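Each remark here refers to the structure printed beneath this line.
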Amino acid sequence: MLERYNFGEIEKKWQKKWEDSNSFKVTEDADKEKYYVLEMFPYPSGKLHMGHVRNYSIGDVLARYKRMKGFNVLHPMGYDSFGLPAENAAIKNGTPPAEWTYSNMDEMTKQLKELGLSYDWDRQVATCKPDYYRWMQWIFIQFYKKGLAYKKDNPVNWCPSCQTVLANEQVVDGKCERCKSPVTKKSLSQWYFKITDYADRLLANLDKLPGWPEKVKIMQRNWIGKSHGAQITFPIEGFDKAMDVYTTRADTLYGVTYMVMAPEHPYISELVAGTEYEADVNAYIEKVQHMSDIDRTSTSNEKTGVFIGRYAINPINGKKVPIFISDYVLMGYGTGAIMAVPAHDTRDFDFAKMFDLEIIPVVDPGDPEIDLNNLKEAFVAEGTMINSGFMDGMNNRDAIAAMIKHVEEKGIGKETTNYKLRDWLISRQRYWGTPIPMIYCEDCGWQPEKEENLPVLLPEDVEFTGKGESPIATSKTFQNAVCPCCGKPAKREIDTMDTFLDSSWYFLRYCDALNDKEAFAKDKVDYWMNVDQYIGGVEHAILHLMYARFFQMALYDLGLVSQEEPFENLLTQGMVIKDGAKMSKSLGNVVSPAEIIEKYGADTARLFILFAAPPERELDWSDQGVEGSYRFINRVYRMVYDFTKDYKVTGDAYEIRNDADKNLNYWKNYAVKKVSDDIGTRFNFNTAISTVMELVNEMYKYREGDVNEALFGATVKDLIVMLAPFIPHVAEEMWEHIGAEGSVHDQSWPSYDESALVKDTVEIVVQINGKIKERLDIAGDLSREEMQEVCMNDDKVKALTEGKNVIKVIAVPNKLINIVVK
RNA sequence: GCCGGCGUGAUGGAAUUGGCAGACGUGCGGGACUCAAAAUCCCGUGGUGGCAACACCGUAUGGGUUCGACCCCCAUCGCCGGCACCA
C-alpha cells in the first residue's frame, strides 16, 4: 500500500482480482440461508447515469453486507435490451439494432465493473438474446393455452401519411407529431393479456406486502380502480335493444334526466340511421375520432355532445329521457353509457347547464344555504333522499344498497363491480422485440408455434426505413410458416411483444440463467425466490411492478412457481437532482459517473451517493459533497497507514487499561451495533456512514494519547470490515495492508459486546415543567427511584425547586427527569 | 378536482418514532504546520441580549392534546409527486 491514496491503481487491482477469482459467483446451497437482492436491470442506452449508480450502489451495499452476515446472496445483473431506441438508431445511421445493442451492453458492463459491483456475471441475462426470448415465447404460449392471451380488433391511433400506428403520446392536437396530418382511429387486430382476470387478486394481495412502500401500493390500488355499484338496464323507445349503464350511485336513479352514450358506442349508427340526426351525430363522432385521449380530457369543464333523437325509459318510474352522445363518457369503462343525474354529479351538472336540461334533486343536503330548486353546483355529499318513492327519508348511503336490492328484485339491474384496469395490449408493430410465436392458418385460425420449434428467431433480412409496416414484414421468408395444426402453409404473426413482458419474469431467469432445457428449473426458483429486496425507481410503481406481479401469479397458477408474489420487500429510490432540477441534457446539469470515477474513483462516488441522502429521498448532487467523501476516505487511509508504521494489527484480544481505552472500546462496539442496524433493518446508509465517521474522529482523538496497540488494531479491523460494503476497493487494499487473512469481503460481519456499551456514568437532563434546567452526570442504569433521589439531592435542583410545590416527577432511565412544580 | 408525500441552521441532512433539536458532512471563521500556498491537524459555528456565568426565542403558520411535541390531533399556507370526465 502506497503512502498516498491512489484510487486508480487500487480499483483496477482489486477489480481484476475479483474477476479472476470469480468472487461473487453463487450456487444453491441448502445449508445456507439465501438472500436475493435485485436492482431493476437497465435498458442498454450505452452509458450509465447517476440514477443507475445510486440504484446499484444501494443494492451492492446490501448484497455485500448480507454476504458478510453469512447469507448465500444472489445478486445478478442483466439488460432489458429490446426496445425502440435500437430501432431508431438503425433508421438514423443504418446500424443493425443487434449490433448497436450489443456494443452498448459491452460498454455498460465495463462501466458497471468499474463501479466494483458484486454481481455474479455468469448469470447475466439479455432479453434480446434468443436464449432468453425463446423462453419468453414459451411462456407466451403457456399463457395462450391457459386462455390468458387473445387477439381482438381495437381502435388505435393511425397516421395515414406515415402509415404507422402511433402511441397516444405521439398524437398532438389530433395530428401526427411528425408530419402533422390528422390522425385517425383505425381498427387493428391486437394481442392482449387478460390481466383483468387478476384484478381482484392483484388488489387483495397488496395487503400481503408489508415490505412495500405504502405509496406504491396506493398507486396500484388507484390504477386497478375497483368500484362497487350496479348495472341498470334502460329500455330505448322504439328500439329492440336496451341500454345498460353502470352507476355507483344507484340511490339517484329517480334523479335521472337524460342519458349519455360514448361516441364509440356500438348502438349509435343503428339508432340514428336514416334520421334527421344522423349527419350531426356522424360529424360529432368524426370530430372526436380525430382527438387524442389527451385532448379529449384536457378541456375538462367544456362539455360537448349531440342529441341523437332517441329516448330511453327510466325503469324505476317510466320517465322518458333524451339520449345524447358525448365524449365525456368513455367506451372503455363500465358499459360505455351512463344515466345522467345532474343534481348530484359534477360532470352531468355541467352538461345539463350547457344543454339546458332538467335538474331533479333527489338527495337533500339539509342545509338552508342550498336552494334545491336552483342549484349552483352538483351536490355530491351525503344527505336524505327526496323525490324518490320508497326511499324517501332514507340516508342516501343506505339508499344505495336498498336500490341495488330493489332493481335486482325487479329484474332491471344487478349488483356489479368495475375496474379501471384494462386488459394489457401487448403487441407492437416493431422489429426489435420478441416475435409473438403465433401462426395464422386459413383453416385452423391462430395457432401457437410448436414448442420444439422455438425460438421463432427475429429475421435479419429486413429494411429499416421508418415508413410502412413493421420492418419484419420486409423479410422475404419470416412470414412463411407451416400450420402447427394441419401442416398447410400458413402465415406467421409479424408483431412483436411489448418489452414490458421481457422484464416481467427476468428475476426468475436469473435463478437459472443458463438453462437451455426450460425457462427455469423449479427447484432453483424455489430455492432463490422470492426476491428479498427489490430496488428501483418509483417511475415503475405501476406498470413494471404490476405486470411482474401479474406474471408471477399466472405462472403460479400454471404451477411453475411456488409463490404468488415475487418481491418481498421493495425500495424505491429517489431521483438524483442537481441545482434543484432533474439532471438533463437540456438543463446542462448532468454529471456523468465516468467523469467522477476518473477524478475521484468509484469508492468516492459510491460513498458520496450513499451518504448524501437516505435512499428513498431525492439526492441533491454536490461537487463539494463529493470532495468531502473523498477527504474521508483519505482520512481513513492515512490513519491506517500511519498506525502500521509504528504498530501491528494483532489478534482480536485486548485489555481495557483506562478511560480512554474504555471510550474507544465503547465507540468500536457502538459503531458495529449502529451500522448493522442502519444497513440491515433501516436502509439508512447515510447514518451508517456518519457513525463510521464519528468512530474515525474518536480514533484520531485516541491516537493523541497512549495507544493500546491491540485495542486500536482490533478497532481498525472492525472499521475496515464495516467500510467494505461501501468502499470495497480501498477496504480490500487496507485489509491487505494490515496483514489480515484473505479478502475483506469474505470476513464475517463484526459483532459487538453489549457490556462495552454500558457507560459508568450517563448525562441526564433535568427539566422543570418541561424546560431543561440542568444536566447531571449520574451512575448509569439507575432505577427510576434512584435517579429521582440523586436528582432531588443535587444542589442546583434544590435551589431551583426551593419554595415550590413539587406535584410530580417523571423519570426516564438514562435519559431525563422532569419535575412538575407549581 | 381527487389521492399521496414533504416543509428543521448558510447548506445536504440527523434526532431508531412522544424524552438533550441541529449528529455527520459541506460552507464559513479562527489557530497550528509552512518562507508562502495547497494539503493536513485542532478549535468554533441556530438566533437575540450580555464582558461573562447565563437568560430568552427557535423545527412553515395558527391552535390543541400531554409532565414533556420536529414527532400525535385540527385548521391554514407553500413546494413536490401520482391520477385525472372512471359514472
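In what follows, every heavy atom counts, from backbone to side chain, and hydrogens, waters and symmetry copies are set aside. Here is how names work: the chains are called A, B, and so on, in the same order as the sequence lines, proteins then strands, and each is numbered from 1. Only a predicted model underlies this, so the values are computations on that prediction, with no experimental measurement involved.
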Exercise for review: Can you tell me which stems RNA chain B forms, taking runs of 3 or more consecutive Watson-Crick or G-U pairs with both distances under 3.5 Å?
Suggested key: B:1-7 with B:77-83, B:10-12 with B:24-26, B:27-32 with B:40-45, B:46-49 with B:54-57, B:60-64 with B:72-76
Using a cut-off of under 3.5 Å, enumerate the N/O to N/O pairs linking the protein to nucleotides 28-31 of chain B.
none

Check your understanding: Are any of Tyr700(A)'s side-chain N or O atoms less than 4.0 Å away from OP1 or OP2 of C42(B)?
Key -> no
Check your understanding: At under 4.0 Å, does any side-chain N or O of Tyr246(A) touch on OP1 or OP2 of A87(B)?
Key -> no
Review point. How about Tyr284(A) and Thr304(A): does a side-chain donor come under 3.5 Å of a side-chain acceptor?
Key: yes
Exercise for review: Would you classify Lys674(A) as touching base, sugar-phosphate or nothing, given that sugar-phosphate means primed atoms plus P, OP1 and OP2, and contacts are heavy atoms under 4.0 Å?
Suggested key: base
Exercise for review: Using a heavy-atom cut-off of under 4.0 Å over every strand shown, decide if Thr687(A) touches base, sugar-phosphate, or nothing.
Suggested key: sugar-phosphate
Expected rows: protein N/O vs nucleotides 37-39 of chain B N/O, under 3.5 Å:
none

Practice item. If the glycosidic angle is within 90 degrees of 0 it's syn, otherwise anti, so just tell me which one G49(B) is. Key: anti
For nucleotides 9-13 of chain B, give me every protein contact, N/O to N/O, under 3.5 Å, one pair per line with atom names.
| residue | atom | partner | partner atom | Å |
| --- | --- | --- | --- | --- |
| G12(B) | O2' | Ala612(A) | O | 2.9 |
| G13(B) | O3' | Asn686(A) | ND2 | 3.4 |

Check your understanding: Got a donor-acceptor contact below 3.5 angstrom from the Gln573(A) side chain to the Gly51(A) backbone?
Key -> yes
Using nucleotides 17-22 of chain B, report all nitrogen or oxygen pairs with the protein that are shorter than 3.5 Å.
| residue | atom | partner | partner atom | Å |
| --- | --- | --- | --- | --- |
| C20(B) | O2 | Arg775(A) | NH1 | 2.3 |

Study note, to complete from the structure: Residue set satisfying salt bridge (charged side-chain N to carboxylate O under 4.0 Å, His left out) with Arg549(A), at least two apart, ordered chain then number -> Glu565(A)
